[in-house]
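Residue numbers begin at 1 in each chain, while the letters A, B, ... track the order of the sequences.
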Amino acid sequence: MRRRDAIRIGAGAGYGGDRFEPAIELVEKGNIDYLVYECMAERTIALYQQDKLRDPSLGYNPQLERRLAPVLRACKEKGVKVITNMGAANPEGALRKVKDVATSLGIKALKVAAIVGDDVLDRLPEFSESPILETGLKVRDYLERAVSANAYLGAEPIVEALEAGAEVILTGRVADPSLFLAPMMYEFGWSADDWERLGRGTVVGHLLECAGQVTGGYFADPGYKDVPRLWELGFPIAEVPAEGEPIITKPEGSGGIVTPATCKEQLLYEIHDPSAYFTPDCVADFSGVHFEQVGPDRVKVIGGWGRERPRSLKVSIGYRDSFIGEGQISYAGSGAINRARLAAEIVRRRLELRGIKLDESRFDLIGIDSLHGDWISRGKGEPYEVRLRVVGRTTSKAVAMAIGEEVETLWTNGPAGGGGATKSVREVIGIVSTFIPRESVRTRVVVEEVGA
Amino acid sequence: MKLREIAHSRAGDKGNICNVSLICYDPKDYELIKSKVTAERVKEFFKGIVEGEVVRYEVPSIAALNFVMHGALAGGVTRSLRLDLHGKSLSSALLELEIEA
């Protein structure tokens, strides 16, 4: 059933820590029908799962209130529906939070939905023999250290929530483009096996999922690729017709640019084979997509195709891996590099003298070789200042702390003129993936009404 | 000539794999980069950084190449000890590659 002939979808966040104002601008000036916040990286759920262990009411994205409170009333009044994966490790907890926020704002009769079922941590033993994609080990090798396991869901449960009248939809792990594809399926009546249309919709979802990265963010290179007013970057809007070609644009008067070049960079971002982009909804084909500028900051997306969806769903498993300890200190002026190298030598010998064994370590000179080693940067000239960075991995937190200690004590025990020493230790939650049969994941849509 | 003069690039990460695009400003340069910037050349350029194979995909509709570099991220974003965990700055490195015009 076709409900509308065209919709406008805005991307309110492209990652968990993204700016807050652009979503408000989209709601106020973007004339959008849907606002989608994509706020989850590979590791996010594993980190929030730990919050949930401490307090079962938590585990959703801690910025949920800060993002939604400024727009919720306007969204309700204008009929803008909100879709977000800020449910993270606890979509139902997020639902309760949104109800509280809506109640305190005096919003009445707001339908809020949570999509549940991506969390398969308790059922992981069922899949013990499944191979791990990255390491060649099996799921059973990670069972004891696992802190999270989430299947990537597709658009279907979100469509279900929209059919139930939900105005705010909170998900856990959902493939990023699916968050955007769902409103197209719902509004245009696209069926879940209409591979060609799902493929085209997935192209739009992929272009929008990193928000500002298609409107001139992460693009500027002065003199080559100039972008106006990145400090007021506008987030993208897709004008999607039920039939025909979508347009990528942004709110009038906002900073940034939308050109075929910005769209091309985002089209290939995090893509392997452009003719086979796997999502839970379809295998999208980006290989024939091209772009046409049809107005200022308006780009038409031409092409895109899709094939039958995969039979399995990808599962991300977060596990306790190790600790990383790090220390940094800077040197400047003539001889800076030699003093930094001496400092590195001192730290290396100190760790040796203390009998500290690291599983893996690096000694970088920031300004010389920290990003691309010393081969690509060879012959590019010496910088005025340089910063030593020592970093190592170990299974012991105490050992990890020793790295920063040995860098910090260079203050009074190392070469002349060292400044700005810092140290840190962090626990590493590793992520590996496996595939499980689609049928083994059962999703459930919970819909509740505020003030009902 | 550096690739930077005729193309732009963005890098993305998935696990221990980094993809780096190379997109011509002017589609007329597509045949040039296609003939000069082979997967072998990119693998050699990133020696010491990329441990696995480099696969090149051609995307003529947007005059672009996409290099998928396996074993490129020192174990991947979650475990890597590198300063640039995601390998995002590898796009800038690729644009430093010199080709004969």
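- The candidate from V432(A), I429(A), L267(A), V289(A) with the greatest count of non-hydrogen atom pairs under 4.5 Å with chain B is V289(A).
- With chain B as partner, the option from E42(A), E326(A), H290(A) having the largest number of non-hydrogen pairs under 4.5 angstrom is H290(A).
- Counting heavy-atom pairs closer than 4.5 Å to chain B, the top residue among D364(A), I366(A), D321(A) is D321(A).
- In this structure, the portions of L83(B) lying under 4.5 Å from any heavy atom of chain A include both its backbone and its side chain.
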With side chain to side chain contact (heavy atoms under 4.5 Å, CB included) as the criterion, how do N19(B) and Y269(A) come out once you've worked through the C-alpha distance, each side chain's angles and the decisive distance to 0.1 Å? CA-CA 8 Å; N19(B) 86 291; Y269(A) 180 69; 5.7 Å; no

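- Here H272(A) is the residue among K264(A), H272(A), R362(A), E360(A) with the most heavy-atom pairs under 4.5 Å with chain B.
- Among I62(B), V68(B), N66(B), D84(B), the residue with the largest count of heavy-atom pairs under 4.5 Å with chain A is I62(B).
- Looking at D273(A), both its backbone and its side chain come within 4.5 Å of chain B, counting heavy atoms on both sides.
- Only the side chain of L85(B) comes within contact range of chain A, judged by heavy atoms closer than 4.5 Å.
- Between the T434(A) side chain and the P131(A) main chain, a donor and an acceptor come within less than 3.5 Å of each other.
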Step-by-step side chain to side chain donor-acceptor pair (under 3.5 Å) determination, T135(A) to Y142(A): CA-CA 11 Å; T135(A) 58; Y142(A) 291 88; 3.2 Å; yes

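- Only the side chain of I49(B) comes within contact range of chain A, with heavy atoms under 4.5 Å apart.
- When heavy atoms are compared at a cutoff of 4.5 Å, L133(A) does not approach chain B at all.
- Aromatic ring centres of H8(B) and Y25(B) lie closer together than 6.0 Å.
- Proximity of K43(B) to R41(B): side-chain heavy atoms (C-beta onward) are nowhere separated by under 4.5 Å.
- Just one of E96(B), E100(B), E98(B) meets the salt bridge (Lys or Arg N to Asp or Glu O under 4.0 Å) condition when paired with K2(B); it is E96(B).
- Between L73(B) and I17(B) the shortest side-chain heavy-atom distance does not fall below 4.5 Å.
- No side-chain donor-acceptor contact under 3.5 Å links S275(A) and D285(A).
- In this structure, the portion of A11(B) lying under 4.5 Å from any heavy atom of chain A is its backbone and not its side chain.
- Judged by the 6.0 Å and 45° rule, R348(A) forms a cation-pi pair with F363(A).
- Contacts of R393(A) with chain B are made by both backbone and side-chain atoms, with heavy-atom separations under 4.5 Å.
- Two residues are said to be in side-chain contact when any heavy atoms from C-beta on lie closer than 4.5 Å; V407(A) and Q328(A) fail this criterion.
- Only the backbone of S9(B) has a heavy atom closer than 4.5 Å to any heavy atom of chain A.
- Using a 4.5 Å cut-off between heavy atoms, I324(A) contacts chain B through its side chain alone, with no backbone atom that close.
- Side-chain contact between L22(B) and F67(B): present, with at least one pair of heavy atoms (C-beta onward) separated by less than 4.5 Å.
- For V391(A), the parts sitting under 4.5 Å from any heavy atom of chain B are the backbone and the side chain alike.
- Heavy atoms of I302(A) lying under 4.5 Å from chain B are absent altogether.
- Neither the backbone nor the side chain of E134(A) comes within less than 4.5 Å of any heavy atom of chain B.
- At a 4.5 Å heavy-atom cutoff, the contact between L268(A) and chain B is made by backbone and side-chain atoms alike.
- Interface residue L90(B): backbone and side-chain heavy atoms are both found under 4.5 Å from chain A.
- Neither the backbone nor the side chain of N16(B) comes within contact range of chain A, judged by heavy atoms closer than 4.5 Å.
- With a threshold of 4.5 angstrom between heavy atoms, A93(B) approaches chain A through its backbone and through its side chain.
- You'll find the side chain of E58(B) reaches within 4.5 Å of the side chain of Y30(B), heavy atoms only.
- Of all the listed residues (S61(B), A74(B), G12(B), S91(B)), the one sharing the greatest number of non-hydrogen pairs under 4.5 Å with chain A is S61(B).
- For the pair K314(A) and F435(A), the cation-pi criterion (under 6.0 Å, within 45° of the ring axis) is not fulfilled.
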